[in-house]
A.B. asks: 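My questions will all concern the structure given below.
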Amino acid sequence: MTIKNDPQRMEKIVSLCKRRGFIFQASEIYGGLNGVWDYGPLGVELKRNLKDYWWRVMVRERDDVVGMDGAILTHRAVLKASGHEDTFSDPMVDCRTCKTRLRADQLPEKNGVKQCPSCGGKDLTEARPFNLMFSTQIGASADPDAIAYLRPETAQSIFVQFKNVLDTARKKLPFGIAQIGKAFRNEINPRNYIFRSREFEQMELEYFCRPEEGMKLLDYWLEQRLKFYENIGLPREKLHVLTVPDSDRAFYSKGTYDIEYEFPFGLQELEGVAYRTDYDLTQHQTASGKPLDYFDEETKARFIPHVIEPSAGVDRTVLALICEAYDEETVTDDKGKSETRIVLRFHPRVAPIKAGVFPLLKNQAALVEKAREVQALLRPLMNVFYDETGAIGRRYRRQDEAGTPFGITIDFETLGERDPALRNTVTLRHRDSMEQERVKIEELCGRLMSAIS
Ligand code: ATP
């Protein structure tokens, strides 16, 4: 399936992200570091909300999953046993004309001939494997044994700690170990903004089971993961499931699905859900000489569990959320003047700021004091933003661009000056419909919490 590319939409999104403080190029004032990004004040909140929701549904709300947080620096032997040291590579070619390094499997073709996407040149070298792992040196010695790697995925520390977690968490099959954390890959061609970067975060679950349950659980987890994306605001019709063909699947996998999303630059992978059989635990058991098997109390059998792995990218999901949320609409004000409203229609659950709190006028002490009270009331429960500068319409627009689902305005009615019945009520404005309603301050927490949780 081909999805229409929309580079203009992507450009607008990238510029909004910089202008509003979602995402910045890393080391920007020194010219930037290619394929590495920093998240600004709004970006970090969005990312955190996404990770928190994943943790909530994948770990805290389940009896059969526990979490862990492994180290980034990884023993060379781990990644030797997992196969990464020998085979975690992409095919690389050089363009002899402009010297660009390219991924051989992603080259555009013209009349059946592969060409360089930078200069159009057709004089390319033979493809050769390029290992994607970043290595580093542990301690002061230059000894080759002192090599360690920055992990290329979070999964391996889960396999290596399988026995420790099993013994301490006292779980029975099927059960899972979940982890969220940084991973590093020296991508040949980082591109599409934060979609393919060299430093990124993953949210991974390794769900261990009996061999006979594997195929059924693979489908179960695919369904769970699709529901997750719907629950954060990515509509099902924009999510596509690719059944990875036998020829493209890792040799040890009995089945793999890719969950793809319609990005403005095409249909691309958000998450892989793979049935990895007993490959990883067997590899580590053989290489370390330490038993990594499971004793089944009922059947008295010992065996190496199989594993299903839903592996999602935090940054790719953040990008999908922003792409999905971005909207422009023409609105007409009371005076008949029309303007373009840019609005990020985030699901309230992931929105970086949940509510803007606005005193109608900043030079009215009573309004400011009441607005500060409302801010203090909501603050322990959610991220709120207090803003007293500029016309109220402008303040609403600023929050629309940040994707804030609610605006709370404290006006003279709040003070009960016009109608005592309205004392301690505020105007609650809804971002998407721009509708406004009067709500009692004492009801605000309940109203907002049910929308954002
Ligand atoms: P791709 O084919 O796009 O390189 P992959 O199939 O190698 O991805 P996995 O090894 O399955 O990716 O990693 C699991 C998830 O980690 C991916 O679905 C993606 O969301 C995320 N991920 C992998 N590589 C990157 C990267 N370079 N930048 C951002 N996220 C990444």
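Ligands are counted one by one from 1 in listed order, and the atoms in each one are counted from 1 as well.
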A.B. asks: Do Leu50 and Met203 have side-chain heavy atoms sitting under 4.5 Å apart?
C.D. replies: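 Yes, their side chains come closer than 4.5 Å.
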A.B. asks: Could you pull out every protein residue that has a heavy atom closer than 4.0 Å to ligand 1, ordered by chain and then number?
C.D. replies: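 Residue list for ligand 1: Arg185, Glu187, Phe195, Arg196, Ser197, Phe200, Gln202, Glu269, Leu270, Glu271, Gly272, Ser311, Ala312, Gly313, Arg316.
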A.B. asks: Do Arg76's NZ or CZ and the ring of Tyr149 fall within the cation-pi criteria of under 6.0 Å and 45°?
C.D. replies: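 Judged by the rule, Arg76 and Tyr149 form no cation-pi pair.
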A.B. asks: Name the orientation class of the two ring planes belonging to Phe228 and Tyr53 (parallel below 30°, tilted from 30 to 60°, perpendicular beyond 60°).
C.D. replies: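 Parallel, since the angle between the ring planes stays under 30°.
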A.B. asks: Between Tyr279 and Phe251, is the ring centroid distance below 6.0 Å?
C.D. replies: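 Centroid separation for Tyr279 and Phe251: below 6.0 Å.
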A.B. asks: Could you tell me if the side chain of Ile23 sits less than 4.5 Å from the side chain of Leu42, heavy atoms only?
C.D. replies: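 In short, these two side chains do not touch, never coming nearer than 4.5 Å.
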A.B. asks: Can you find a pair of side-chain heavy atoms, one from Phe22 and one from Trp37, that are under 4.5 Å apart?
C.D. replies: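 The answer is no, as the side chains (C-beta and beyond) never meet within the 4.5 Å cut-off.
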